[in-house]
Amino acid sequence: MSPLKLYIFALESQADEQGGMSVFARMLKPYQSSIVEDAATGSATGPLGAYLVKHELLPFQGEAMLVVEQGTRMGRQSFLHVQRQQGASLLIEVGGSTVSVYEGVSHLP
């Protein structure tokens, strides 16, 4: 399996009334002879928030909220939330909700 992954994002052109921003993102990776997509990538969403703050694309003063929509094109829409708290040099928190799509049980000897 290839370690190559591609995280693509598009930022809304303007913040909402509360200073929140919206992003549409996709995480793609090659797998065997096809390309697999992840419906929600929390491990990429936090660094995206830090990247947007560093490059002044997400407000750095006060609280900043970023909502990342992912998985929509594959029929598994998710919304991940990134928040930068007021007074923190750069504290990124990622959260959201999930929908169970598979459940399993393992029995160990």
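- A heavy-atom distance below 4.5 Å is found between the side chains of V23 and L52.
- When atom types are taken as modelled, the side chain of T72 and the backbone of Q77 share no donor-acceptor pair closer than 3.5 angstrom.
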Does E69 form a side-chain hydrogen bond (donor to acceptor under 3.5 Å, both in side chains) with S22? I'd like the steps, not just the answer.
CA-CA 8 Å; E69 179 182 345; S22 295; over 6 Å; no
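- Nearest heavy atom pair, residue L4 against residue P30, reads O-CD, 3.2 Å.
- Although no hydrogens or angles enter the test, the distance criterion places a donor-acceptor pair under 3.5 Å between the side chain of S78 and the main chain of A39.
- Considering only heavy atoms from C-beta on, I35 stays 4.5 Å or farther from K29 through its side chain.
- For I8, the side chain to side chain contact (heavy atoms under 4.5 Å, CB included) partners are L6, L28, not counting sequence neighbours.
- The CG atom of L48 sits 5.0 Å away from the OH atom of Y7 when rounded to the nearest 0.5 Å.
- The salt bridge (charged side-chain N to carboxylate O under 4.0 Å, His left out) analysis of residues 31-47, with sequence neighbours excluded, yields the pairs R26-E37.
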Applying side-chain contact (heavy atoms from CB on, under 4.5 Å) to F24 and R73, what does each step give before you reach the verdict?
CA-CA 10 Å; F24 181 79; R73 298 286 294 180; 3.8 Å; yes
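- Of the inter-residue distances, the one linking K5 atom NZ with S43 atom OG reads 8.5 Å to the nearest 0.5 angstrom.
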Could you give me the CA-CA distance, side-chain angles and deciding distance for L80 and V67, then say whether side-chain contact (heavy atoms from CB on, under 4.5 Å) is met?
CA-CA 6 Å; L80 295 105; V67 178; over 6 Å; no
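- Hydrophobic clustering (ILVMFWY, side-chain heavy atoms < 4.5 Å, transitive): V68 and Y51 are in one cluster.
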